[in-house]
Amino acid sequence: MRYSKLLLPTLKETPAEAEVVSHRLLLRGGFIRKLTSGVYSYLPLGLAAIRKVEQIVREEMNRAGAQEVLLPMVQPADLWRESGRWEKYGPELLRFTDRHERESCLGPTHEEVITDLVRREIHSYRDLPVNLYQVQTKFRDEIRPRFGLMRGREFIMKDAYSFDIDNEQAEAEYRNMYDTYHRIFERCGLAFRAVEADTGTIGGSFSHEFMVLADTGEDTIVICKDCSYAANMEKARVKPIEQPPESVDLLECNKVETPGKRKVGAVTEFLGISPKQLVKTLVYLADSQPVAVLVRGDHEVQPVKLGNLLGAVEVEMADDKQVFDVTGVPTGYLGPAGLKIKLVADREVVAMRNFAIGANEKNYHLINANLGRDFEVDEIDDLRMVTPEDSCPECAGRLELTKGIEVGHIFKLGDSYSKALNAVYQDNQGEEHHFVMGCYGIGVSRVVAAAIEQNHDENGIIFPLPVAPFQVEILNLGLKDKAISEVAEQIYNDLEKESIEVLFDDRDERPGIKFKDADLIGIPYRLTVGKKFASDGVVEIRKRADGHTIELSPDEAVRELASMINEEMHSA
Ligand code: ATP
Ligand code: MG
């Protein structure tokens, strides 16, 4: 492709609205343009990168035995009513009414549509198992669309849905997809990790998120340095602790004045104790029901764990007014002793002795409080966030907290949708059973953004070869010099003959601009034809990733590039 003919509008200035590096570089590099909030046009370079990801996804999904379909984006409300999600999905679902007053929505995901299709078309165990996938635009009316392709309202997803006869078959397919996702992200040239994710009510480890490791990721993940354990923060388990020695004497519990000391830091400093010797009492609203949660002073509540314990879907922290309304105590002085609402405690609290708590009275705390003697709780569970001080729940090894970008998610659905939509097949006895389902998503457009978050420097993008829009960029630095231009053209033709994807910068621009743009758009290999060809008969190959350069004759350069690219593409 000739640069002079390509819609590649690079920008010198960094657009003010772009907060993260992938967003900045995708805009500056002329890959995408914003139409409206969270909705982007893909320009040729942006689309080329997306197509690369799609191609890898398709090849691996097909190899895994899945079949490609393309489902409608417009979905009838009645189907969503059948699954119960018309009511449950909330404002992320973009709903509208057509000229016949029929209610519809734009698909944020396709469980309903695929289950409807399969219940109509597949009736016998003989036609199972089946795994159907599509690569398609999704619409989610995200509350905060941001970071460009990272969190759009409209974005491209690969979604797959499997239908199996029983749990065993469904779990085998889950493992098949787990392996397939590993191959996909490896082939994309990304550093990633599969982490255990929360399954809500399903339980077991039948949900994994695939996280591209990048400091700028929105998600925190927990990785064991000593074994393969990895989980996201919602799911990361805390290793159960041993009981403290029985010999710890229980001291007398006393009320002490703590004037104006509401925060853990202020209270513990005032009392001359460590935050590890204080228990916080925090009020949450779980599906609108108030619940007080006890955690050690230096720990944080994990709301998803709390929701799972209580069987609640929406869990949020109560604000000061709500806390006062349900307890009659101002925030900062709440404590478990004498509190009238439901009380649950993190397991760690069970191991504590002689700790401080709020006295349920403004400006007072209790010291040397003890669970069982001074107060009781309704339930005890693992309710807190893991910290780097914790040890691995599997091997007791060292944990590390790191940042990731969720690019894929696999989930064993079980029969929740097939039951809701009454989707059944007949077994060999003619008996009907509900399909056992799984669903498997990849944020295709987000993968491109994640690849950039992980691979860039101050000058621009450093695309991993497998997802780069072009493999080589040729810079002709002597447009007015016949010999230089001829050999640049020759190299361009020769590389194309080798089926290498080439961007040929044939613009009438200064070398400085060409170099800058090349660094910005991040094509993995740069081939420069300039004065050195006129003087020494050599051209220069430079690798974007490490700046390594070599000078070769034009013929050798073509051979060398072809062999380097082939080797790199086939090593993944
Ligand atoms: P998130 O927690 O980031 O909102 P999700 O859990 O809602 O993601 P899924 O429903 O599992 O996402 O969707 C599958 C994949 O689609 C995600 O792993 C992610 O890569 C991608 N994705 C989800 N929402 C968006 C979005 N708003 N913009 C771009 N990609 C997205
Ligand atoms: Mg989401």
Side-chain angles (χ1 to χ4, degrees), residues 19-20 22-23 26 32 34-40 42 46 49-50 53-54 56-57 61 85 88-94 106-114 133-161 174 177-178 180-181 184-185 188 190 192-200 202 206-214 216-221 232-235 303-304 313 403-413 417 437-454 467:
E19 294 169 66
V20 297
S22 64
H23 191 190
L26 284 167
I32 58 170
K34 176 168 145 183
L35 178 62
T36 182
S37 169
V39 178
Y40 290 86
Y42 307 115
I50 285 172
V53 177
E54 285 181 11
I56 293 171
V57 167
M61 289 301 291
R85 286 210 290 184
K88 270 196 220 138
Y89 208 91
E92 257 189 42
L93 187 64
L94 185 69
L106 281 189
T109 174
H110 280 71
E111 283 83 3
E112 282 81 0
V113 173
I114 197 83
Y133 79 96
Q134 62 172 342
V135 178
Q136 203 225 29
T137 298
K138 296 277 188 272
F139 194 95
R140 294 182 181 181
D141 204 355
E142 296 271 354
I143 184 164
R144 265 189 300 279
R146 56 194 171 147
F147 306 156
L149 297 191
M150 205 83 104
R151 185 170 298 283
R153 292 197 299 157
E154 197 179 290
F155 59 96
I156 300 174
M157 197 202 283
K158 185 285 297 181
D159 47 329
Y161 306 88
Y174 184 89
M177 285 294 109
Y178 182 87
T180 300
Y181 273 42
I184 288 172
F185 296 118
C188 286
L190 298 170
F192 68 98
R193 193 84 188 232
V195 304
E196 282 181 20
D198 180 58
T199 46
I202 292 181
F206 289 108
S207 178
H208 285 88
E209 287 166 350
F210 286 75
M211 296 284 188
V212 164
L213 305 176
T216 50
E218 277 189 283
D219 293 293
T220 304
I221 58 179
N232 74 15
M233 280 303 263
E234 296 173 351
K235 170 89 182 183
V304 173
V313 181
K403 293 282 179 189
I405 300 166
E406 182 196 323
V407 288
H409 193 175
I410 60 175
F411 209 102
K412 183 176 165 228
L413 287 170
Y417 287 93
M437 293 172 57
C439 70
Y440 317 93
I442 290 181
V444 171
S445 43
R446 190 185 277 183
V447 169
V448 173
I452 297 172
E453 292 291 334
Q454 192 176 73
V467 297

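Excluded from the calculations below are hydrogen atoms, water molecules and symmetry mates; all remaining heavy atoms, backbone and side chain alike, are included. Just follow the structure's listing: the first ligand is 1, and inside any ligand the first atom is 1. No experiment lies behind these values; they were computed from the predicted model shown.
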- With side chain to side chain contact (heavy atoms under 4.5 Å, CB included) as the test, would you mind laying out the steps for I114 and D159 before giving the verdict? CA-CA 10 Å; I114 197 83; D159 47 329; over 6 Å; no

- Is the Y178 ring parallel, tilted or perpendicular to the H208 ring (thresholds 30°, 60°)?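 The rings of Y178 and H208 stand perpendicular, inter-plane angle above 60°.
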
- Query: Between H23 and Y40, how do the two ring planes meet: parallel, tilted or perpendicular, split at 30° and 60°?
  - Reply: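 It falls in the perpendicular class, over 60°.
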
Provide the number and element of each atom of ligand 1 under 4.0 Å from a heavy atom of [X].
{"X": "H409", "result": "11 (O)"}
{"X": "L149", "result": "29 (C)"}
{"X": "R446", "result": "3 (O), 19 (C), 20 (O), 22 (N), 23 (C), 24 (N), 25 (C), 26 (C), 29 (C), 30 (N), 31 (C)"}

- Query: If you measure from each non-hydrogen atom of M157 to ligand 1, which part falls under 4.0 Å: side chain, backbone, both or neither?
  - Reply: side chain

- Can you figure out which of G152, P108, G441 has its heavy atom closest to atom 27 (N) of ligand 1?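 Looking at heavy atoms only, G152 sits closest to atom 27 (N) of ligand 1.
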
- Hey, looking at atom 10 (O) of ligand 1, which of E142, R140, R151 has the closest heavy atom? R140

- Distance only, no hydrogens: is a donor on one side chain within 3.5 Å (strictly under) of an acceptor on the other, for S207 and K412? no

- For E19 and R146, what are the C-alpha separation, side-chain angles and deciding distance, and is it a salt bridge (charged side-chain N to carboxylate O under 4.0 Å, His left out)? CA-CA 8 Å; E19 294 169 66; R146 56 194 171 147; 5.6 Å; no

- Query: Does M150 have a non-hydrogen atom less than 4.0 Å from ligand 1?
  - Reply: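 M150 counts as a contact of ligand 1 under the 4.0 Å cut-off.
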
- Distance, nearest 0.5 Å, that separates OG1 of T137 from CD1 of I156: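 Going from OG1 on T137 over to CD1 on I156, the span is 5.0 Å.
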
- Query: Quick check: does V407 get an N/O under 3.5 Å from an N/O on ligand 1?
  - Reply: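 V407 vs ligand 1: N/O contact under 3.5 Å present.
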
